[in-house]
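Notes follow the structure.
Every heavy atom of this structure was used, including side-chain atoms; hydrogens, water molecules and symmetry mates were not. In each ligand, atom 1 is the first atom listed, and ligand 1 is the first ligand listed.
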Amino acid sequence: MARQAVELLSGPDAPLLKECGAPGCTRVYIDRSRGMRRHWCGMDPCGNRVKAAAYRGRRRGTPS
Ligand SMILES: [Zn+2]
């Protein structure tokens, strides 16, 4: 795992290397999404968790 990270850091994909933005997750990933707008290592579980949190946040802020 560590060696893989080092190889990524020195490889051609280094500029695409990002750290996951999900709370509690420290995984790094290669962002090959269009526009490099991804913010997490993967959809499961991080992407789903972030989206669920955003959804809950929106609901909480909406007046009933
Ligand atoms: Zn993650």
Side-chain angles (χ1 to χ4, degrees):
M1 186 60 196
R3 175 189 281 186
Q4 188 189 14
V6 170
E7 282 173 4
L8 284 172
L9 281 170
S10 57
D13 288 333
L16 302 178
L17 201 65
K18 289 185 176 182
E19 191 171 335
C20 182
C25 182
T26 55
R27 272 149 76 178
V28 291
Y29 63 95
I30 302 294
D31 191 350
R32 295 186 196 279
S33 63
R34 201 183 307 186
M36 292 181 63
R37 310 243 307 251
R38 235 174 86 186
H39 297 295
W40 43 78
C41 58
M43 215 49 212
D44 188 21
C46 289
N48 291 328
R49 224 159 65 196
V50 170
K51 285 196 169 171
Y55 179 70
R56 279 197 301 272
R58 273 199 303 275
R59 276 179 62 98
R60 202 169 25 240
T62 310
S64 53

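- Protein-derived N/O/S atoms nearer than 2.8 Å to the Zn ion (ligand 1) total 4, waters excluded.
- At least one side-chain heavy atom of R38 sits under 4.5 Å from a side-chain heavy atom of Y29.
- Contacts of T26 classified as side chain to side chain contact (heavy atoms under 4.5 Å, CB included), with partners at least two apart in sequence or in another chain: E19.
- C41 approaches C20 most closely through the heavy-atom pair N-SG, 3.3 Å.
- For the pair D31 (side chain) and L16 (backbone), a donor-acceptor distance under 3.5 Å is absent.
- Heavy atoms only, all atoms of each residue included: M36 and K18 are closest at O-NZ, 2.9 Å.
- For the pair P23 and R49, the tightest heavy-atom approach, listed with the atom from each and the gap, is O-NH2, 2.8 Å.
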